[in-house]
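All figures in this text were calculated on a predicted structure; none of them were measured in a lab.
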Amino acid sequence: MPDVVFSHDPSKPMAQQAVPGHNRFHPEVPAAASVRPGQEFRIECREWTDGQIGNNDSANDVRDVDLNRCHMLSGPVRVEGVEPGDLLIVDILDLGPIPQEKGPVCGQGWGYSGIFAKVNGGGFLTDYYPDAYKAIWDFHGQAATSRHVPGVEYTGITHPGLMGVAPSHGLLDTWNRREQALIDTDPERVPPLALPPLVDQTLAGNADGDLLARIAASGARTVPPRENGGNHDIKNFTRGSRIFYPVHVPGALLSVGDLHFSQGDGEINFCGAIEMGGFIDLRVDVIKNGMETYGVHRNPVFQPGRVAPLYSEFLTFIGISVDHRDNTNLYMDATEAYRNACLNAIEYLKKWGYTGEQAYLILGTSPIEGRIGGVVDIPNACCALYLPTEIFADDIRPGKAGPEHKDRGQVAVTS
């Protein structure tokens, strides 16, 4: 087994770990460990909400999640000899739930997915599903099933939802200025347009005193992806993937967390993947002056691994950039087109007895493929959602006999 450079005691929150992680991006978060180019190592990760979600049949915990604490990241890990302007090479060697453990902590044989309430983050379809819901998923090797969503079983494509390097002070200032400018266009919006720096619940490793105050005052919240990587939620960041990160600070300061057992393209529920605590094994290397050599300045580049569920039969749903609630045509809006593809798939699955919430969670957690069909044919962008039919116990393809409607219960709801 690779050397464990960041360990995790599942019974304790991140702030009480022997070496705490962090939940803000900032160039001054102290390194938790140091590795060499070419070294293979293991990082252990907490589930992203730091244990706020339980294995139960109520969605109250999803409704009441304190997002100020999230995401809990393991690291940062300093890579010796790496300097600004380099490209950091990160190979994902292996990852999974907490090994050989069953218990009450997410990742100990189970994970969860949730639809967040509109007032607390929301999701891709928050105007249609504004309340909080939850499903618990049990792990069976590579597969996952749920008592809250019967009749489906997925082969997981495990991946880190969030991995990235530290920003420079200049890059951090750029983030904070542009995101505040976006917030200022509609400061009362629910959910908000962006999340500015927030002192409350800031964790910055072993930083304290003036250093902690400085990090808390300007540290970037970890919800969106940015130029440093961050919360990409790309399901193909799996075993065998190689990522090239532009380096902005000495040592790169690599952090990782938000591990997922399975997810569809878009993670549309916001907490849409099957979330878990667990481990990830990495190898790092460096391309000196790689940012200029390869023209990689603004975002990472990655090579997907060769690991993926071998589904070969799909039912595909199409959407266009029209808000059908009031028949408003949006110009070449791929987001609206993909939203409509999702809504069309949900309406179809409801004919088979799934509730809208169950169908919504299926699309968030199963390995769906989201694709852009066209963004040139004015005025309508066209997007498609490929739903693997083999994940269902029933044959859900259209036929002359019509859909077989079954009582499939409901996901966990709030009281």
Side-chain angles (χ1 to χ4, degrees), residues 115-119 121-131 174-175 177-195 223-227 230-236 263-270 272-273 297-301 304 314-351 354 356-357 359-389 396-398:
I115 299 170
F116 268 44
K118 184 174 183 177
V119 295
F124 192 50
L125 306 180
T126 195
D127 289 340
Y128 301 85
Y129 297 93
D131 299 319
T174 295
W175 295 350
R177 285 197 306 271
R178 76 187 183 199
E179 290 173 25
Q180 187 60 54
L182 177 61
I183 292 169
D184 291 343
T185 65
D186 190 359
E188 304 302 319
R189 185 180 186 272
V190 177
L193 288 170
L195 299 174
V223 170
R226 299 184 181 92
E227 288 89 340
N231 196 26
H232 280 135
D233 290 316
I234 297 173
K235 73 176 191 295
N236 301 99
Q263 182 204 295
D265 282 341
E267 199 193 12
I268 62 172
N269 313 129
F270 179 68
H297 298 284
R298 290 189 176 146
N299 299 97
V301 175
F314 299 86
L315 195 58
T316 302
F317 299 88
I318 293 167
I320 59 174
S321 53
V322 173
D323 187 337
H324 295 290
R325 292 173 296 181
D326 58 7
N327 202 34
T328 298
N329 218 127
L330 305 178
Y331 180 77
M332 305 309 294
D333 190 323
T335 299
E336 187 67 19
Y338 192 53
R339 183 178 290 115
N340 280 325
C342 294
L343 290 168
N344 290 340
I346 288 170
E347 288 304 308
Y348 183 88
L349 290 176
K350 286 164 68 173
K351 295 295 184 180
Y354 290 102
E357 295 78 22
Y360 188 10
L361 284 172
I362 288 171
L363 300 186
T365 57
S366 69
I368 64 168
E369 300 284 340
R371 302 181 186 178
I372 295 176
V375 287
V376 295
D377 299 317
I378 61 173
N380 288 336
C382 178
C383 289
L385 183 157
Y386 288 62
L387 177 65
T389 57
I396 66 160
R397 294 173 297 180

Next on the checklist: Would V223 and F270 count as a side chain to side chain contact (heavy atoms under 4.5 Å, CB included) here? Give the steps.
Outcome noted: CA-CA 10 Å; V223 170; F270 179 68; 4.2 Å; yes
Just grab all the salt bridge (Lys or Arg N to Asp or Glu O under 4.0 Å) pairs involving [range], residues at least two apart or on different chains.
{"range": "residues 328-337", "result": "E336-R339"}
{"range": "residues 359-369", "result": "K235-E369"}
{"range": "residues 319-328", "result": "D127-R325, D323-R325"}

Side chains of [X] and [Y], heavy atoms from C-beta outward: is any pair under 4.5 Å?
{"X": "L385", "Y": "Y338", "result": "yes"}
{"X": "D377", "Y": "C382", "result": "no"}
{"X": "I268", "Y": "I368", "result": "no"}
{"X": "D131", "Y": "I115", "result": "no"}
{"X": "T335", "Y": "F124", "result": "yes"}

Checklist entry - Partners of R178 by salt bridge (charged side-chain N to carboxylate O under 4.0 Å, His left out), sequence neighbours excluded? => result E227
Checklist entry - Listed by chain and number, what are the salt bridge (charged side-chain N to carboxylate O under 4.0 Å, His left out) partners of D233, not counting sequence neighbours? => result none
Just how far is it from atom [atom1] of [X] to atom [atom2] of [Y], taken to the nearest 0.5 Å?
{"X": "E267", "Y": "I234", "atom1": "CD", "atom2": "CD1", "value": "11.5 Å"}
{"X": "R371", "Y": "I318", "atom1": "CZ", "atom2": "CD1", "value": "12.0 Å"}
{"X": "N380", "Y": "M332", "atom1": "CG", "atom2": "CE", "value": "7.5 Å"}
{"X": "T316", "Y": "N344", "atom1": "OG1", "atom2": "CG", "value": "12.0 Å"}
{"X": "I362", "Y": "Y354", "atom1": "CD1", "atom2": "OH", "value": "5.0 Å"}
{"X": "I396", "Y": "L387", "atom1": "CD1", "atom2": "CG", "value": "5.0 Å"}

Item to check | Main-chain N/O of G370 paired to D265 side chain as donor or acceptor, under 3.5 Å | outcome: yes
Partner set under side-chain contact (heavy atoms from CB on, under 4.5 Å) for [X], not counting sequence neighbours:
{"X": "P398", "answer": "L315, Y348"}
{"X": "D186", "answer": "R189, L193"}
{"X": "P379", "answer": "N329, Y331"}
{"X": "Q180", "answer": "I183, D184, P196"}

Nearest heavy-atom pair of [X] and [Y]: which atoms, and what distance?
{"X": "C342", "Y": "L125", "value": "CB-CD1, 4.4 Å"}
{"X": "A337", "Y": "S321", "value": "CB-N, 3.9 Å"}
{"X": "G319", "Y": "N340", "value": "CA-CB, 3.9 Å"}
{"X": "V190", "Y": "K118", "value": "O-CE, 3.4 Å"}

Item to check | Partners meeting ring-ring contact (aromatic ring centres under 6.0 Å, His included) with Y386 (sequence neighbours left out) | outcome: none
Next on the checklist: So, using ring-ring contact (aromatic ring centres under 6.0 Å, His included) as the criterion, who are the partners of Y360 when residues are at least two apart?
Outcome noted: Y129
Checklist entry - Is the number of heavy atoms from other residues, nucleotides or ligands within 6.0 Å of CD1 (I372) greater than 12? => result no
